[in-house]
Amino acid sequence: MQYWLMKSEPGDIAIDDVLAAPGSAVRWTGVRNYQARNFMRDAMQVGDGILFYHSSCARPGVAGLAMVASAAYPDPTQFDPNSQYFDAKATLAQPRWVSIDVRGIEKTPLLPLMQLRSMPGLEAMLLLQKGSRLSITPVTSCQWQIIDARLHAADVR
DNA sequence: GCCAACGTTGGC
DNA sequence: GCCAACGTTGGC
């Protein structure tokens, strides 16, 4: 069992959208970065925990919890000429990009990026490294526990 | 909108 | 293989 952080633009797919989807699950499409793809293809397993992160928005931060709900399979948008994610170099025989299914678990109080930066024990999080842009990053179980505890702490601020 | 940082492309 | 140019990400 491993843990991950996945970025999503809430204007595109917010945690609410995942939870509202049939079976609380959505297909994760449009990843066009090889490192992120390799995580999905080679490392992510059903049941892995996901920190659902809202990026490129007014209040970036962890907005909920989710889990990996499928193994990797070819991302259908790479074959669709009408998709913004179409890739002319991908073929059915040799797909280039993969999707996984992501199942929402819960929406949490927003844990803003700035707070993550200030929390002891998270200094090594890939998300927080200078220039980090990866949309999928591994999270250690230590980091997960620190964040999970904070997300579920009584609301006393 | 700005801009730093990163990834990809393509000429050589 | 090098590296400049370009496009994208994402916080602010």
Side-chain angles (χ1 to χ4, degrees), chain A residues 2-21 26-44 48-68 72-140 142-144 146-151 153 157:
Chain A
Q2 289 183 264
Y3 300 98
W4 308 92
L5 181 142
M6 298 181 79
K7 294 180 187 174
S8 182
E9 301 188 15
D12 184 8
I13 301 182
I15 183 68
D16 285 329
D17 301 319
V18 180
L19 292 169
V26 298
R27 168 182 291 153
W28 211 257
T29 64
V31 170
R32 296 294 181 267
N33 170 283
Y34 289 104
Q35 239 182 309
R37 178 203 68 181
N38 293 347
F39 284 138
M40 288 196 288
R41 190 189 61 188
D42 305 332
M44 296 175 89
D48 282 1
I50 297 170
L51 299 172
F52 198 96
Y53 180 90
H54 285 176
S55 68
S56 292
C57 58
R59 297 167 67 225
V62 175
L65 299 178
M67 60 176 277
V68 176
Y73 55 92
D75 178 346
T77 64
Q78 71 194 303
F79 308 122
D80 176 3
N82 297 317
S83 167
Q84 61 171 316
Y85 299 119
F86 177 67
D87 184 343
K89 292 178 183 165
T91 65
L92 283 169
Q94 287 192 307
R96 196 184 264 207
W97 307 108
V98 301
S99 289
I100 60 167
D101 294 339
V102 170
R103 183 180 328 282
I105 295 173
E106 64 173 325
K107 183 179 187 174
T108 63
L110 187 82
L111 180 50
L113 174 61
M114 281 189 55
Q115 280 200 37
L116 289 170
R117 290 195 185 286
S118 74
M119 287 167 60
L122 300 185
E123 297 83 1
M125 269 190 89
L126 292 179
L127 173 77
L128 305 180
Q129 304 313 301
K130 185 176 182 182
S132 165
R133 302 188 318 184
L134 260 188
S135 62
I136 301 174
T137 48
V139 171
T140 67
C142 258
Q143 293 161 354
W144 175 276
I146 292 170
I147 292 169
D148 189 55
R150 169 62 80 91
L151 291 175
R157 58 185 81 108

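All chains are named by letter (A, B, ...) in the order of the sequence lines, taking the proteins before the strands, and each is independently numbered beginning at 1.
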Only one of A/N33, A/T77, A/T29, A/D87 forms a side-chain hydrogen bond (donor to acceptor under 3.5 Å, both in side chains) with A/W97, so which one is it? A/D87
So how far is it from A/D75 CG to A/R37 CZ, rounded to the nearest 0.5 Å? 11.5 Å
How about A/Q94: does its CD atom have over 12 heavy atoms from other parts shown lying under 6.0 Å from it? no
Starting at the 5' end of DNA chain C, what dot-bracket string do you get if Watson-Crick and G-U pairs under 3.5 Å are bracketed, crossing pairs use [ ], other-strand pairs use | and unpaired bases use dots? ||||||||||||
Report the C-alpha distance between A/M44 and A/M6 in whole Å, list the side-chain angles of each, state the deciding distance to 0.1 Å, and finish with yes or no for side-chain contact (heavy atoms from CB on, under 4.5 Å). CA-CA 12 Å; A/M44 296 175 89; A/M6 298 181 79; 3.9 Å; yes
side-chain contact (heavy atoms from CB on, under 4.5 Å) evaluation trace for A/L5 with A/Q143: CA-CA 11 Å; A/L5 181 142; A/Q143 293 161 354; over 6 Å; no
Checking side chain to side chain donor-acceptor pair (under 3.5 Å) for the pair A/R96/A/Y34: CA distance, chi angles, key distance, verdict? CA-CA 9 Å; A/R96 196 184 264 207; A/Y34 289 104; 3.3 Å; yes
Close approaches to DNA chain C from residues 80-90 of chain A, in residue order (heavy atom, under 4.0 Å): none
Scan nucleotides 6-12 of chain C nucleotide by nucleotide, 5' to 3', and note B when protein non-hydrogen atoms come under 4.0 Å of the base, S if they reach only the sugar-phosphate, - if neither. -BBBBS-
So, OP1 or OP2 of B/dA5: does either fall under 4.0 Å of a side-chain N or O from A/K130? yes
Checking A/D80 against A/Y85: is there a side-chain donor and acceptor pair closer than 3.5 Å? no
Result of checking A/V62, A/L65, A/L51 against A/D148 for side chain to side chain contact (heavy atoms under 4.5 Å, CB included): A/L65
Please step through side-chain contact (heavy atoms from CB on, under 4.5 Å) for the pair A/L122 and A/L128, ending with a clear verdict. CA-CA 8 Å; A/L122 300 185; A/L128 305 180; 4.2 Å; yes
Given side-chain contact (heavy atoms from CB on, under 4.5 Å), test A/L113 with A/L127 step by step and report yes or no. CA-CA 9 Å; A/L113 174 61; A/L127 173 77; 4.2 Å; yes
